[in-house]
There are 2 protein chains.
Amino acid sequence: MTRREQIIKIAKIQFRESGYLSVSMRDLATILDIKAASLYNHITSKEEILEEIIMQAANYFTEEMNVIKSLESSSVDKLKAVIDHHIDITIRDPESIAILNNDWMYLEGKVLREFLSLRKAYEENLRTIIMEGVQKKEINPQNVEIILFSLLSTLRRLHSWYGKQNDLSEYQLKEDVPKILLNGIVSST
Amino acid sequence: MTRREQIIKIAKIQFRESGYLSVSMRDLATILDIKAASLYNHITSKEEILEEIIMQAANYFTEEMNVIKSLESSSVDKLKAVIDHHIDITIRDPESIAILNNDWMYLEGKVLREFLSLRKAYEENLRTIIMEGVQKKEINPQNVEIILFSLLSTLRRLHSWYGKQNDLSEYQLKEDVPKILLNGIVSST
DNA sequence: GTCTATACCCTGATAGAC
DNA sequence: GTCTATCAGGGTATAGAC
């Protein structure tokens, strides 16, 4: 692992734990047992670290959404694929997901605009899936925006309930989250 | 309105917009058209402002939960009451809710411990309501932790979809959010 | 109650020796 | 590639005049 990769690995852990603004370059350097100035031989700025972490995750979401869009499945199966994908990436890389969701607003300029564009496109694609499901009567004819909001709110916070102590297990996430999101809570009998 | 109340009112708006750490005392002072030093005649520290905003909201949640606990209703009606209450307070005071959910980790010492204690008790009470609902077969026999997580994730992010432009309306929140959270998305016909 | 002036600390980042 | 030394700027907060 290169020094650069080490820096980003440590930054992921620290940013997730304390937030981007609360972690200083000196903090990162101390953990790596070097001086803060030495970090700048491997990265050009603190923000560059944030950009790399967030945009890598954002691009991954975009790619997966493009795959799901082109599936020839029912709308509910597409929704299920979106949910499964969120769960998978949350289990595999909870730090990146936490940072993407908590600290994206500290991106600047062109990168911020690019991030917002990807995010908007992702939401728009998910909205389309839901709308088609309503049209085909696979999905209850309720407010599409609320369904979108409720789904994304839960999926985007998965990281905060996974990967620490006495939290949800991988099995629980994969088995029960899709059921509850799609089928609801209240018994229909 | 006293100067102190003015300071807290401005702080609520700014903290919600930019985050606690990104708003400086100089920022608050500039908006009030005074110098930063003058703020300290009305408050003792920046953190005191945060504490007042968050603990007021947290105590309010606690009081409401105590009312709901003692209702003689079905578990589903209690859940509905919890959801309605979140929606009401989000509509009435979105700034406080946003700050509570985004910036509670910047509380320190005794106040932080008090906050975490209230939060834990709130979750425990909600967990009990869900468990009783499962026992009485009002609620689907699925993982209680997942139901709790999914519900709280959505309710705690309501503020981010309300109160800016082209977002959810008050009517949409009150009408559709409870339905979707309780009854799910997928058509059961 | 507000001001000016300032103390003190921490931040991201750079220059240049080794 | 890491170091020491340092800079410029921003942060919270205080002292004391008015």
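Any value given below was found using the heavy atoms of this structure, including those in side chains, with hydrogens, waters and symmetry copies removed. Just so it is clear, the model here is predicted, and its values are computed rather than measured. Sequence lines set the chain letters: A, B, ... in the order given, protein chains first and strands last, and positions in each chain run from 1.
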Undergrad: Which whole-number value in Å describes the distance from B:Leu21 CG to C:dC10 P?
TA: 16 Å
Undergrad: If the condition is side chain to side chain donor-acceptor pair (under 3.5 Å), which residues does A:Asp27 pass it with, not counting sequence neighbours?
TA: A:Ser24
Undergrad: How close or far is atom P of C:dA13 from atom CG of A:Leu28, stated in whole angstroms?
TA: 11 Å
Undergrad: B:Met25 has an atom CE; how far is it from atom C1' of D:dT14, in whole Å?
TA: 13 Å
Undergrad: Mind calculating the distance between OH (A:Tyr20) and C1' (C:dG12) to the nearest angstrom?
TA: 9 Å
Undergrad: When the nearest nucleotide of DNA chain C is assigned to A:Thr44 and to A:Ser22 on a heavy-atom basis, which residue is associated with the more 5' position?
TA: A:Ser22
Undergrad: Nearest nucleotide by nearest heavy atom, which residue falls closer to the 5' end of DNA chain D, A:Arg3 or B:Lys46?
TA: A:Arg3
Undergrad: Salt bridge (Lys or Arg N to Asp or Glu O under 4.0 Å) with B:Glu64: which residues, sequence neighbours excluded?
TA: none
Undergrad: Side-chain contact test, heavy atoms from C-beta onward, threshold under 4.5 Å: evaluate it for A:Glu17 versus A:Val23 and give yes or no.
TA: no
Undergrad: Should the pair A:His86 and A:Phe61 be assigned to parallel (<30°), tilted (30 to 60°) or perpendicular (>60°) ring geometry?
TA: tilted
Undergrad: Return a single string for nucleotides 3-9 of chain D, one symbol per nucleotide in 5' to 3' order, where B is base contact, S is sugar-phosphate-only contact and - is none, cutoff 4.0 angstrom on heavy atoms.
TA: BBB----
Undergrad: Given D:dG1, C:dG12, D:dA13, which nucleotide is nearest the side-chain atoms of B:Tyr40?
TA: D:dA13
Undergrad: Would you kindly give the CD1-to-P distance between B:Ile7 and D:dA13, to the nearest whole Å?
TA: 13 Å
Undergrad: Given atom CD of B:Glu5 and atom C1' of C:dG1, what is their separation to the nearest angstrom?
TA: 16 Å
Undergrad: May I have the distance from B:Leu50 (atom CG) to D:dG11 (atom P), rounded to whole angstrom?
TA: 17 Å
Undergrad: Could you tell me if A:Ser153 and B:Ser153 have a donor-acceptor pair between their side chains, going purely by distance under 3.5 Å?
TA: no
Undergrad: Is there a donor-acceptor pair under 3.5 Å between the side chain of B:Thr154 and the backbone N or O of B:Leu151?
TA: no
